[in-house]
Each structure stands twice: as structure tokens, then as C-alpha cells.
Amino acid sequence: MKPPKFDYVRAASVAEAVAVLDANEDSKILAGGQSFVPVLALRMAQPSVVVDINRIDGLSGLEQLADGTTRVGALVRHYQLVEQRQHPLLASGARWIGHTAIRSRGTCAGSIAHADSSAELPVLATALDATVHITGPASTRTLAVEQLFQGAMTTALEENEMITAVDFKIAERWGFAEFARRHGDFAIVLAAAAEVDGELRVVLGGVGGVPERAFAAEQEYGAGGPAAIDRAAAAAADQINPTADLHGSVEFRRDITREMVRRALTQFSTAKAS
């Protein structure tokens with residue numbers, strides 16, 4: 001299918017971008033277009049105006065803050081996350097995103113705004129207790145990423161707001177595991193385990209509308225060890241309430257979840273604290 005007709009604005013600043021969003025109902029941001037362009041082609045989105053933010057200065061930076069947090073600007077591409085060295089978990093997880101062409105254009109903030117629970121960055125953002133910087137026409141605000149995600153591809157962003165950056169805390173230890181039919185496909189299930197500010201956070205993707213924190217698994221892990229990992233993996237599988245689809249049955253997703261959590265926690269348990 002062909003996209004519907006829309007007006008196009010190439011914004012020169014964040015202020016101009018949000019002003020256009022505010023003035024035009026159903027207008028949408030275009031950054032990398034990794035998800036947005038296919039949605040346009042399928043006419044699942046029919047915006048009145050597409051606001052291209054790719055020429056806005058100051059959104060392409062990766063910055064390490066004084067407390068070690070990594071601030072990722074809205075136009076940082078996936079390949080930049082793969083190539084950077086200041087945040088190893090982001091680099092490791094971003095390697096699983098799509099293929100080279102997708103990683104060269106897709107943006108971190110775009111993935112967060114799209115809020116697909118099967119995508120790597122929403123899961124990593126939840127595991128890393130990320131903070132999202134948001135600008136609207138009259139003000140700016142920050143939001144914990146767990147407050148941003150409200151449902152399947154639904155966020156707390158207002159229609160006249162855009163994400164300008166995302167802050168990812170550094171994990172003292174971490175593990176990451178993903179199952180997809182082919183490398184580059186959307187994940188069927190993925191799991192991340194991260195120690196952030198001394199707290200273990202286990203997060204699952206692909207098993208519900210939003211990235212799901214596996215609290216029962218975190219409690220079962222306790223002081224660690226092989227038996228604790230097995231208990232934690234079983235607890236995660238028991239916690240979820242997935243639905244069957246063409247990729248597999250409910251029990252299949254539970255089995256894959258159990259295995260992904262086991263792998264992520266095994267990697268976590270053998271990692272050296274930074």
C-alpha cells in the first residue's frame with residue numbers, strides 16, 4: 001500500500017517541532033522511521049502533518065553524566081549504541097535490533113516512543129530504570145519509563161510532546177537473552193537482568209503489552225546460585241499471562257520465558273561487578 005497524503009515540515013528546532021505538533025491534530029514525528037514508515041505504508045497511521053526532526057541540532061549526542069548515567073539524545077541511532085563503550089548493556093542489547101540498515105536509521109527515542117514490548121530498548125530502559133526527557137509547547141518534564149509505557153504501543157506522551165533524550169543508569173552487573181526465529185526478527189521473548197543502584201531488576205519483553213518486571217523472579221534469585229536461578233526462571237514463567245499467536249502457544253511462550261530468564265540470570269551471576 002501507499003502512505004496517505006500528508007503535509008511535511010522539516011523542523012529546525014525542538015520548539016518549532018512541538019509548535020507544529022500543537023497546531024496540527026494527528027501530526028506525527030519522523031526520526032529514523034524504522035517503525036513509523038511501515039505503519040504509514042499500511043495506513044495504520046494517517047497523520048495530517050509529518051514533522052521531520054532529523055535536522056535539529058543538539059539531539060544526536062551520547063553523554064556520560066557525572067553519576068555515570070548515559071544520556072542518549074533523541075536522534076542517536078541504534079548503531080551508535082552498538083559502537084559506544086560507556087554503556088555495555090545498551091551496546092549488547094542494541095546488537096539484536098533488526099539488521100544493519102535498520103540500525104543505521106532507527107533511533108533509541110523512536111523505539112521508546114513506539115513502545116513495542118517485543119523491542120529491545122523498551123525492555124532495557126525498564127531494566128535500567130530509565131528517565132525520559134519530554135518537551136511540549138509550553139514546558140518540559142521528565143518521566144520514569146515505567147510511567148511512560150501504558151499499554152501495547154501506547155504511552156503517556158501527549159500529542160503535542162516529543163522525547164528529546166533518555167537517561168539510562170549504568171548496571172553494576174547484567175545479563176541479556178533473546179529468542180527470535182531469525183536474528184533481526186522481532187523477539188518472541190526477551191529477558192534482561194540488571195543490578196541498578198544495588199537492586200536486581202528482571203524485565204521481560206514479548207509476553208504482554210508493556211515490558212513486564214518479573215518481581216517474583218527477583219525475589220527467588222536472592223543470593224544467587226544455580227538452584228536460585230532455576231527457581232527464579234520458573235517464577236517468571238508462572239508470573240506471565242501471555243497470549244497465543246502464530247509464533248507459538250501460551251505454553252511455548254512460558255517455556256521460552258523460563259529459558260530466557262535462566263540465561264540472563266546465569267550471565268548476570270557470572271558477571272563481574274563494575
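Treat the numbers as computed from the prediction; the structure is a model and nothing was measured.
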With the side chain counted from C-beta on, respond yes when Val123 and Glu178 share a heavy-atom pair under 4.5 Å apart, and no when they do not. no
Identify the two heavy atoms, one from Ala12 and one from Ile56, that lie closest to each other, and give their separation to 0.1 Å. C-CG1, 3.9 Å
Exercise: identify the closest heavy-atom pair between Thr107 and Ala31: OG1-CB, 3.9 Å
When clusters are formed by joining ILVMFWY residues with side-chain heavy atoms under 4.5 Å apart, either directly or through shared neighbours, do Ile97 and Val203 land in the same one? yes
Calculate, to the nearest 0.5 Å, the distance between atoms CD and CZ belonging to Glu16 and Arg10 respectively. 11.0 Å
Determine whether Leu90 and Ile112 fall in the same hydrophobic cluster, where Ile, Leu, Val, Met, Phe, Trp and Tyr are linked whenever their side-chain heavy atoms lie under 4.5 Å apart. yes
Side-chain heavy atoms nearer than 4.5 Å, only ILVMFWY residues, links allowed to pass through others: does that put Leu81 and Val132 together? yes
Carboxylate-amine/guanidinium proximity below 4.0 Å for Glu146 and Arg201: yes
Over all heavy atoms of both residues, which pair between Ala113 and Thr155 is shortest? Give the atoms and the distance, please. O-CG2, 3.5 Å
Flag side-chain contact, heavy atom, 4.5 Å: Ile134 against Leu157: yes
Side-chain contact test, heavy atoms from C-beta onward, threshold under 4.5 Å: evaluate it for Pro88 versus Trp174 and give yes or no. yes
Between the side chain of Arg253 and the main-chain N/O of Gly206, is any donor-acceptor distance below 3.5 Å? yes
Test side chain to side chain contact (heavy atoms under 4.5 Å, CB included) applied to Leu204 and Val261, step by step: CA-CA 8 Å; Leu204 309 172; Val261 172; 3.4 Å; yes
Answer yes or no: is there a side-chain heavy-atom contact under 4.5 Å between Leu21 and Glu161? no
Starting at NZ of Lys5, measure out to OG of Ser48 and round the result to the nearest 0.5 Å. 15.0 Å
Which label fits Phe268 and Tyr221: parallel for a plane angle under 30°, tilted from 30 to 60°, or perpendicular past 60°? perpendicular
Any sub-3.5 Å donor-acceptor pair from His87's side-chain atoms to Lys169's backbone N or O? yes
For a side chain to side chain contact (heavy atoms under 4.5 Å, CB included) check, start with the C-alpha distance between His78 and Ser111, then their side-chain angles and the critical distance, and finish with the verdict. CA-CA 9 Å; His78 301 321; Ser111 180; 4.3 Å; yes
With a 3.5 Å distance limit and no angle check, can you tell me whether Gln84 reaches the backbone of Gln86 through a side-chain donor-acceptor pair? yes
Once rounded to the nearest 0.5 Å, what's the spacing between atom CG of Leu75 and atom CG of Leu59? 5.0 Å
Please check if the number of heavy atoms outside Asn241 that lie under 6.0 Å from its CG is greater than 12. no
Joint hydrophobic cluster, Leu190 plus Trp96, side-chain heavy atoms closer than 4.5 Å: yes
Flag for Gln34-His114: side-chain donor and acceptor within less than 3.5 Å: no
To the closest 0.5 Å, what do you measure between CG (Leu65) and CZ (Phe168)? 12.5 Å
What verdict does the side chain to side chain contact (heavy atoms under 4.5 Å, CB included) test give for Asp26 and Gln46, after you've listed the backbone C-alpha separation in whole Å, the side-chain angles of each residue and the deciding distance to 0.1 Å? CA-CA 8 Å; Asp26 297 327; Gln46 300 191 30; over 6 Å; no
Take Glu199 and Arg213 through the salt bridge (charged side-chain N to carboxylate O under 4.0 Å, His left out) test and state the conclusion after the steps. CA-CA 13 Å; Glu199 176 191 35; Arg213 190 156 171 199; 2.9 Å; yes
Indicate the atoms forming the closest heavy-atom contact of Phe252 with His247, along with that distance. CE2-O, 3.6 Å
Under a single-linkage definition using a 4.5 Å side-chain heavy-atom cutoff for Ile, Leu, Val, Met, Phe, Trp and Tyr, are Val82 and Leu89 assigned to the same hydrophobic cluster? no
Answer whether the closest heavy-atom distance between the side chains of Glu259 and Val189 falls below 4.5 Å. no
Where the side chain of Arg43 meets the backbone of Lys2, is there a donor-acceptor pair that is under 3.5 Å apart? yes
Do Asn24 and Val51 have side-chain heavy atoms sitting under 4.5 Å apart? no
Is the backbone N or O of Thr266 less than 3.5 Å from a side-chain atom of Ser269, with the two atoms forming a donor-acceptor pair by type? yes
Between Thr257 (side chain only) and Ala237 (backbone N and O only), is there a donor and an acceptor less than 3.5 Å apart? no
In Å and rounded to the nearest 0.5 Å, what is the CZ to CD distance from Arg231 to Glu220? 5.5 Å
Counting distance only, does the side-chain N/O of Arg85 pair as donor-acceptor with the main-chain N or O of Glu83 below 3.5 Å? yes
What do you reckon, is CG of Asp67 surrounded by more than 12 foreign heavy atoms closer than 6.0 Å? yes
Taking every heavy atom of Pro4 against every heavy atom of Leu40, the minimum-distance pair comes out as CD-O, 3.5 Å
Lys/Arg cation over aromatic Tyr79: Arg103, 6.0 Å, 45° cone: no
More than 12 heavy atoms of other groups within 6.0 Å of Glu159 CD: no
In terms of heavy-atom contacts, Ala156 and Leu143 come closest through CB-CD2, 3.9 Å
Candidate pair His133 and Thr142, rule side chain to side chain contact (heavy atoms under 4.5 Å, CB included), full reasoning: CA-CA 5 Å; His133 295 259; Thr142 59; 3.6 Å; yes
Look only at the side chain of Arg77 and the backbone of Arg105, and say whether a donor-acceptor pair between them is shorter than 3.5 Å. yes
Looking at Asp167, is its backbone amide N or carbonyl O close enough to the side chain of Thr131 to form a donor-acceptor pair, meaning the two atoms are under 3.5 Å apart? no
Would you indicate whether the side-chain heavy atoms of Leu124 and Phe176 approach each other to under 4.5 Å? yes
So do the side chains of Val50 and Phe36 get within less than 4.5 Å of each other, counting heavy atoms only? yes
Approximate separation, where rounding is to 0.5 Å, of Gln267 CD and Arg262 CZ: 12.0 Å
